[in-house]
Amino acid sequence: MDRYNFKIVENKWQEKWQKSKVFKAKIDKSKKKFYCLEMFPYPSGKIHMGHVRNYTIGDVLSRYKSLKGFNVMHPMGWDAFGMPAENAARENNLDPKEWTNENISTMKKQLKRLGLSIDWDREISTCSEEYYKHQQLFFLELFEKGLVYRKENYVNWDPVDQTVLANEQVIDGKGWRSGAIVERKKLNQWFFNISKFSEDLLKGLDELEEWPNKVKIMQKNWIGKSFGCEISFQTEGELPVKEIKCFTTRPDTLFGFSFLALSVDHEISKYFSKDKEFLKFRDACSKTGTTEEAIAIGEKIGFKTKLLAINPLNPNQKVPVFFANFVLMDYGFGAVFGCPAHDQRDFDFAKKYNLQIKTVVKPDNENDNFEVKDKAYSGAGVLINSEFLNGLKVPNDSILKTIDILEKKKLGKKKVNFRLKDWGVSRQRYWGCPIPIAYNENGHVMPIPKNQLPIKLPENVNLNSKGNPLDSENEWKNIIIDGKKCIRETDTLDTFVCSSWYYLRFCSPKEEEYGFTQDEINYWMPVDQYIGGVEHAILHLLYSRFFIKALGFKNNNFKFTEPFKGLFTQGMVCHETYKDQNNNWLSPEEVELVENQYRKKNDPTNKVKVGPSESMSKSKKNVIDPEKIIENFGADAVRLFILSDSPPEKDVQWSEQGMLASYKFIQKLWLLNEKVKKKIKLDIKEIYNNSDLEKFTNQIINKYTYNLENFNYNVIIANIYEIYNFLNKEVDKNINSETLKKNYRKILILYLPVIPHFASECLFDLEYDDKFDWPKVNANFLKEDKVDFVIQINGKKRAILKENKDIDQESLLVKIKSNKLSEKYLKNKSINKIIFVKNRLINLIINE
RNA sequence: GGGCGAGUGGCGGAAUUGGUAGACGCGUUGGUCUUAGGAACCAAUAGUGCAAGCUGUGAAGGUUCGAGUCCUUUCUCGCCUACCA
């Protein structure tokens, strides 16, 4: 028999699918919709294994839901703006647009080769005018709603990329892309007022039942809601400062107050702008504040001012005011009230500067003389040494009661504080969406009239100019609005803006007037299943959620409040790492295994050091190119393997042996298919021995469907192997041909989501048809007449008896007593207790 | 420092509700066929014992007739986050 030729078969079906547009999604209100979306790729050049895994998972789901009768939309697009294009273009003297579009066409071909069930008619690219013109309109709309504003503030400046980074893009004080140490710089920036929705974004998490808890917790922490109190501390001293505001979650510890600490950026710092000692201190802060070691050591340093702050609950107490490196300007009011006894950070600071450490909370099991010694005590207990607050239960009573008192005395008020900051969207780059704003000669903001959109990016710009290339595009920059000379905003939008609404665009990809139509988004949205990497757990997902709230703000037409109903975060694809004797990274292709010894190919004396398996990355050279693998083994085999070895939410190890095994398995399935076909042709009429097959088929449909619904994709692959193992033996028996055909057809449909080309080919062979429904379980065949009963004696398994289903305890006991078991374990013993679980087990408790 | 998650054979991993631990695959071992095989097929494969059996899901306790699964303590690893007042 011929071997299975995946090249011919896969090509045939891919062409067929393309021609017949089977994956084209149309609104059909009579059917339940299912919107399946994977995070769209950045067109960096070629697809990598992470894409293969991501899109295979989504494809399995999409195909399964279609077979289940859902009206599925499964689109694909390109997150096409961004710095790599600009950098690559500069290095190779190209146009970023050309570079991007070439990459898109390469990657699109590669994705098609995987046999994905994508509606390519909905393809979008964020760098196309047709896309970003709508984004510019959204910007103006949000501007009108007051959700976009401009302010000057300190920004994270990446000196290598010459651009501003969002807080989230600064990792350990370094730029997330360049790795350069981030500097502080004051700039005028555009902001989205995401913090306005802090409460909504937090509450909305509760309704996201199909999101991983982990991601919800991450977002919750990021939004960082805390309940406390705003206190105005009166001050005394040589400066014209009368009061300082602080936010605290622990107003109840006010009697333990021993210092007040300010951020070096606090407005009071303006009185120190000529103080050399202060400036030196501020420098030291900005240097130590960001490095990893500094944070790890956590050394606290301060600069003492001559100001004194007065304790609002005890006006006789006056404590020093410091500037301190650990106080952040963008949280609370940039000022902290210090209570060393009950906050470790304050404790460290007080120790260093010899400040008073007064205990005001004692744990419940201590007496009133309790004193904090080596470590701050931040636990629960009772207030002490706090005059009229003494005896209050910490934390709940004490905090509420203290706030009450402060409010009555007009010294403070209840306050909820959020950690979430507004989203700075300005980027000093060329390859992004232009911001539809201009400035007149007085520097006033002039929104570009909507009828002048889109603002197209100028072409043929000089990318080698320093900073933002758009700054030097004078012709593009200078425009006339209402007959007046204006200058365009040259910043472009953060690319996270593009990805915050692309899922809406897929609903109306060709709509010209607006980014989408109400009708279409209200049919397709929300995305039923969103699939992607956990690295986007905070930024992208939070921004997208914000976008829905912002677009829906003062607009009641949206029938949904969250963009992504279900979220699945898949793990990474890993591979061992290799280094040669000179410590150079080697790719798997450069390494061979000879007699249990890894060595460099063509260089047998060069032993290779095998490192741990890590996520595939170009820098460590542990990458496997999907294109070559698909060419060697076929799309189906790759899909099979990428799902088989680990649960999809966990990391998976790429294994050459595993890949080969999947390839061979497809061959085996093909041989089995030939065998089954032959058997069916024999036209056997006998009814002999069919129930096993029917039983098995129904049981496996049951299991398989359960596993599919629960994302146990590695287990469905195991189920496919089980099917093979069973059927390969079963088919040798004398099976009624009709029965065989009927059941085999159901089984092939089970294969369709995972190995669609192979399964389509076999099904077509069997039926000359390509319309299928997901097989239903016939419960009659799930019924077993015999069941394996576990016989336990004193809780230990002693035997398994095959007995009639639904047998009762008494009858089972009779069976056991007539069994040799009885002789061995029950002779001369009395049974004290019997635990009987129907159709499962019986446990006999006897005297030893 | 805080949060989350995970520890099951040589390896990746199964085990819907507490009810036969180790499905399925890789690897390994033995065999068949082959000029040969990194091919195919058959068989074995948690440990220990000739065997009946005993021991086994990171460790120690607990609840239960019964625990990989629930509770407490603890160890190890991974991921995220970080001076958030």
Side-chain angles (χ1 to χ4, degrees), chain A residues 171-172 212-218 220-222 224-226 228-229 231 246-251 260-261 263 289 292 294-300 324-328 330-339 343-346 348-349 417-421 534-535 537-538 571-572 593 613 640-641 644-647 649-653 655-662 664-665 667-668 671 702-703 706-707 709-710 712 714-725 788-800 824 832-837 839-845:
Chain A
I171 295 154
D172 295 334
N213 219 18
K214 182 173 73 168
V215 174
K216 286 197 274 188
I217 288 166
M218 281 162 84
K220 197 177 160 198
N221 292 340
W222 191 261
K225 180 179 182 176
S226 49
C229 180
I231 302 175
C246 287
F247 171 74
T248 178
T249 54
R250 293 299 303 276
L260 203 146
S263 157
E292 221 170 331
I295 292 170
I297 299 163
E299 200 200 351
K300 287 160 187 65
N325 65 337
F326 59 82
V327 185
L328 307 171
D330 61 2
Y331 187 81
F333 297 97
V336 173
F337 115 78
C339 174
D343 181 291
Q344 190 57 40
R345 184 199 53 207
D346 295 349
D348 296 343
F349 190 77
N417 204 36
F418 290 94
R419 185 182 170 276
L420 181 66
K421 290 287 146 269
V534 73
E535 65 272 19
I538 299 170
M572 293 180 294
L593 183 61
S613 184
L640 191 69
F641 173 70
S644 68
D645 268 16
S646 292
E649 70 276 14
K650 294 218 292 184
D651 288 354
V652 67
Q653 282 244 40
S655 139
E656 275 76 10
Q657 273 160 334
M659 181 61 245
L660 189 64
S662 295
K664 287 180 192 168
F665 181 64
Q667 296 290 346
K668 283 163 81 170
L671 293 177
N702 202 26
K703 272 206 268 186
Y706 173 84
N707 287 324
E709 292 278 354
N710 289 283
N712 302 334
N714 56 327
V715 187
I716 65 170
I717 307 303
N719 292 149
I720 292 178
Y721 277 94
E722 275 180 69
I723 293 170
Y724 172 85
N725 291 341
D788 285 338
F789 280 86
V790 177
I791 315 302
Q792 294 184 343
I793 292 170
N794 288 343
K796 290 209 170 201
K797 182 182 94 180
R798 291 302 176 191
I800 292 170
K824 188 163 179 190
N832 295 339
K833 193 177 173 185
I834 298 172
I835 291 100
F836 178 75
V837 183
N839 291 330
R840 267 193 199 274
L841 60 76
I842 186 163
N843 188 5
L844 307 176
I845 310 304

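Naming: A, B, ... by sequence-line order, numbering from 1 per chain.
- Dashed line: the shortest gap from a side-chain N or O of Lys796(A) to OP1 or OP2 of G56(B) is not under 4.0 Å.
- With A85(B), G3(B), A23(B) as the choices, the nucleotide that has an atom nearest any side-chain atom of Asn221(A) turns out to be G3(B).
- Annotation: U63(B) and U72(B) have their P atoms spaced 15 Å apart (nearest Å).
- Between Gln657(A) and G27(B), a side-chain N or O to OP1/OP2 separation shorter than 4.0 Å is present.
- Closest to the side chain of Lys664(A), out of A85(B), A23(B), A40(B), is A40(B).
- A donor-acceptor distance shorter than 3.5 angstrom exists from the side chain of Asn710(A) to the backbone of Tyr706(A), with no hydrogens or angles considered.
- In summary, the side chains of Glu722(A) and Asn719(A) do present a donor paired with an acceptor at a separation below 3.5 Å, with no hydrogens or angles considered.
- Across A46(B) and C24(B), the matching P atoms stand 12 Å from one another, rounded to whole Å.
- Residues satisfying the ring pair (Phe, Tyr, Trp, His ring centres under 6.0 Å) test with Tyr724(A), not counting sequence neighbours, are Phe665(A).
- For U73(B) and G3(B), the P atoms lie 13 Å apart once the distance is rounded to whole Å.
- Nucleotides G5(B) and G22(B) place their C1' atoms 23 Å apart, quoted to the nearest Å.
- Base orientation of G9(B): syn, the glycosidic angle falling within 90° of 0.
- You'll find that the side chain of Lys300(A) is closest to C83(B), out of C41(B), C83(B), C80(B).
- Toward the 5' end of RNA chain B, the nearer of the two residues Arg345(A) and Asn843(A), judged by each one's closest nucleotide, is Asn843(A).
- Side-chain atoms of Arg419(A) lie closest to A82(B) of the nucleotides C65(B), A82(B), C80(B).
- Within 4.0 Å (heavy atoms only), Asn725(A) reaches sugar-phosphate atoms of the nucleic acid but no base atom.
- A sub-4.0 Å separation between OP1 or OP2 of C65(B) and a side-chain N or O of Lys833(A) is present.
- Under the rule for a side-chain contact (heavy atoms from CB on, under 4.5 Å), the partners of Arg798(A) that lie at least two apart in sequence or sit in another chain are Ile793(A), Lys796(A), Leu821(A), Tyr825(A).
- Taking every side-chain heavy atom of Val837(A) into account, G19(B) is the closest of G19(B), C4(B), C41(B).
- Mapping Phe247(A) and Ser655(A) onto RNA chain B via the closest heavy atom, the residue that lands nearer the 5' end is Ser655(A).
- Taking atom P in both G61(B) and G66(B), the straight-line distance is 16 Å, to the nearest Å.
- In this structure, of A82(B), A23(B), A21(B), it is A82(B) that holds the atom nearest to the side chain of Trp222(A).
- Closest to the side chain of Arg798(A), out of G19(B), G25(B), C54(B), is C54(B).
- With C1' as the reference atom, C11(B) and U28(B) are 11 Å apart, rounded to whole Å.
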Anything under 3.5 Å between a protein N or O and an N or O of nucleotides 13-16 of chain B, put it in a table, one pair a line.
unit_1 : atom_1 : unit_2    : atom_2 : d
G13(B) : OP1    : Ser646(A) : OG     : 3.3
G13(B) : O3'    : Asn714(A) : ND2    : 3.3
A14(B) : OP1    : Asn714(A) : ND2    : 3.3
U16(B) : O2     : Tyr706(A) : OH     : 3.3

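- Searching all strands for a Watson-Crick or G-U wobble partner of C65(B) with both distances below 3.5 Å returns G19(B).
- Put simply, Tyr331(A) has a side-chain N or O that comes within less than 4.0 Å of OP1 or OP2 on A85(B).
- With hydrogens and angles left out, the side chain of Arg840(A) and the base of U17(B) share a donor-acceptor pair within 3.5 Å.
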